[in-house]
Undergrad: 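Right, I'll just put the structure down here and ask away after.
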Amino acid sequence: MTKHRTGVKPNGTVVIFGITSPIARFAAITFAERGYDIHVTARQEADIASAIADLRVRSPERHVSGSVMSAADADLPARIQTAYKTFQSDLVGAVMAWGSMADPQDSGFYAGTDIAAMAASNYTGPAIALETIAAMLSAGGFLIGISSVAGDRGRQSNYGYGAAKAGFSAFLSGLRNKMHSRGVRVITVKPGFVDTRMTFGKKGLFLVADPKDIGAAIANSIDCKCDIRYLPFFWRGIMSIIKSIPEAIFKKLKL
Amino acid sequence: MTGSLQEIGGWGRFPIRTTQLCRPANRAEFEAPKLARDQSLLIRGNGRSYGDAAVNPAGITAVASNLDKMIAFDPSSGILRVEAGVLIQDLLQVMVRQGWFLPVVPGTQFVTIGGCIASDVHGKNQHMDGDFGHHVVSILLKIADGTEIRTVPSEPLFHATVGGMGLTGIILEADIKLTRIPSRKMMVEYRASKDLASTVELLSQDQYGIYSVAWLDSMATKQSLGRAVVMQGHHASLGELYLSDEQNDAPASKTRAVPFDFPNWTLNRFSVSAFNAFYYRQQEKKSSFVQDYQPYFFPLDAVSGWNKIYGKRGFVQYQFVVGTDNAEDGVRRIIDLLRRRGFVSFLSVIKRFGINGLGFLSFPTPGLTVALDIPVPAHPEGLFAALNDCDDIVLRHNGRVYLAKDARLNRETFDAMYPLADKWRAIKRAVDPNNTFRSALGERLGLCS
């Protein structure tokens, strides 16, 4: 097996956590086109079946499989182990696309259950799943965690979501540190506004990206030496400005 | 389904109507629409129809972009099953590399399969291979009472849904029979004709290929009226590619975007005439060459947002067909009328139709079809009067106007042009007695009342 110039193995099975996300779906499609086998997860069997059917028409030569899984599962590590035994080729990597966003209520404050749900779907569940998968990877493997620019700074309109993503970004950073000596790449992807259910019909958006482009870029991240990737690229500059605003001023803004 | 009130139009951006626009996130939301009592619905594909066929001002317009999964492909029969929101662009990208093509494609890739069925679109090979509906093996349709029916060509419901402008129900899936192709390239030949008679003559010669269409210089007058560049082609075999020294590789795609609305005066008599004369000279020089399938079938797709060249007022496309007897005379009269009244058409296309569409409201019938893009002027009454007069000419020549492009046809003329309209209405009453599925076009033409 020849090695890719960034050290990532060119084939094997890639696990896509959360295939109902359009971004995850297009990442899966790109990985399949690049020659990887795919294992998808979703909460509903019907979604898994339709994702598998779609991938099989697009890349008939690839092995495609799936298993039911959710960020809130109590037995996540066990489910992942069970799925692992069904892979037709060596596990080489994973994309973590779990996440959900709830808005503050009309009062301006979050419901407690929403805060807990967002922490579970954006941080706890993804962290447990990636930790489990990481232990199974060897040199030449990769993990891609989809975080968000929202995690770069908490702002009043989405700090429940932003905080969970901030935690996830820090987790990925630590994981990257640990896995470096094992030859496994950990890539943090931070998309800006993407045209999905999360953003449809919302006001105040700009530079909204197509999930097709973001998904393909995520899969092609294995070609670059990046550790943290803002997608599209210009969000790095935007967030750099946002992060540099002194707190004394930021707290007065209505972002 | 809950949406937000938005103003949308078709590709011509005329008319613009208000609707409750929503975008269901997955198949489940299309299967259980959860409509309020008396609420009406229309499924919108990619909004590439030109007029008001894809907007429901009376209620909800649901965009089908998330109904976009491929379901199954059987290489032994060539039958592909897809969800109705799949774009032609996506389908071809996946299937061309496996050696398959759609037997009928319209002039842009950015149409959904559901849209192809609802408008019963046609392509450059209509005279040989008919329309999109002729190659559909079955349609999974959800009707107003919630039942899902898989309808096939032997049933009246199929003939009402093909060309039915989305008004019989929600098209969820379709089975389409694909054709095998030897390569992704086309062998193309351009020939210039000096007048309408020779254009029609060249269009009836098939030896160069099953796909033929002509770009018409609609500004040419007198003896040159109807001069055109006739473009014919066929799928290139590997042998032909070898002899032409070409590879069967995908070219790097180059899309340019029109960044903003051009000022309304950009397209006027003088600029359009000058452009047409220049373009005619350029195309005249080419003869036969190899072209990738995308620029051959979908030349305008390379310029994204080209409709903005027409400015904020938008444009109408008038596409008609005139029957075989005296077809040339009909075309001549219409081009003449529009030119005399001062309406310039930047992009004009003429094709030969050979086969009747199978839907009750299908547009194609044997004869000549011409499509004319006309900018909407500040005071549009003159344009609509002229188009009504063109309708009369079309009717006198046993023809009709294409609903997928239409923005202004009236009910009376429509009924005269589409003799099977009442047969269609009977099916509509049977599957949608409360008129749950409505559109602005449907209300205008008496298809949902």
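All figures in this text were calculated on a predicted structure; none of them were measured in a lab. Atoms considered below: every heavy atom in the structure, side chains included; atoms not considered: hydrogens, waters and symmetry mates. To find a chain, count down the sequence lines: A is the first, B the second, and so on, and within it residues start at 1.
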Undergrad: For A/Thr20, which atoms come within 4.5 Å of any heavy atom of chain B: side chain, backbone, both, or neither?
TA: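 When you check distances to chain B, no heavy atom of A/Thr20 falls under 4.5 Å.
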Undergrad: Go through the atoms of B/Arg27 and report whether side chain, backbone, both or neither lie under 4.5 Å from a heavy atom of chain A.
TA: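 B/Arg27 has no heavy atom closer than 4.5 Å to chain A.
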Undergrad: Under 4.5 Å between any side-chain heavy atoms of B/Arg81 and A/Val57, yes or no?
TA: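 No, side chains not in contact.
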Undergrad: Tell me if the CZ atom of A/Phe234 is crowded by more than 12 foreign heavy atoms within 6.0 Å.
TA: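 Enclosed: over 12 neighbouring heavy atoms sit under 6.0 Å from CZ of A/Phe234.
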Undergrad: Determine whether a donor-acceptor pair (N or O, by modelled atom type, separation under 3.5 Å) exists between the side chain of A/Asp54 and the backbone of B/Lys69.
TA: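 The answer is no, because no donor-acceptor pair under 3.5 Å joins these two groups.
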Undergrad: Can we say A/Arg58 and B/Asp90 salt-bridge, meaning some charged N sits less than 4.0 Å from an Asp/Glu carboxylate O?
TA: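 Salt bridge: yes.
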Undergrad: Near A/Arg43 CZ, under 6.0 Å, is it more than 12 heavy atoms from other residues, nucleotides or ligands?
TA: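 Atom CZ in A/Arg43 is not packed in, count stays at 12 or less.
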Undergrad: When rounded to the nearest 0.5 angstrom, what is the spacing between CG in B/Asn66 and CZ in A/Phe200?
TA: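 Going from CG on B/Asn66 over to CZ on A/Phe200, the span is 9.0 Å.
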Undergrad: Is the shortest side-chain heavy-atom distance between A/Gln44 and B/Asn26 below 4.5 Å?
TA: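 Answer no - side chains too far apart.
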Undergrad: Evaluate A/Glu33 against B/Arg97 for side chain to side chain contact (heavy atoms under 4.5 Å, CB included), listing each step before the verdict.
TA: CA-CA 11 Å; A/Glu33 284 169 8; B/Arg97 66 177 182 240; 3.5 Å; yes
Undergrad: Got a donor-acceptor contact below 3.5 angstrom from the A/Arg56 side chain to the B/Ile71 backbone?
TA: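 Pair absent, no side-chain N/O of A/Arg56 close to backbone of B/Ile71.
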Undergrad: Keeping the roles fixed (side chain from B/Gln98, backbone from A/Pro60), state whether a donor-acceptor pair exists under 3.5 Å.
TA: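 Not at all, since once roles are kept as given, no pair shorter than 3.5 Å links the two residues.
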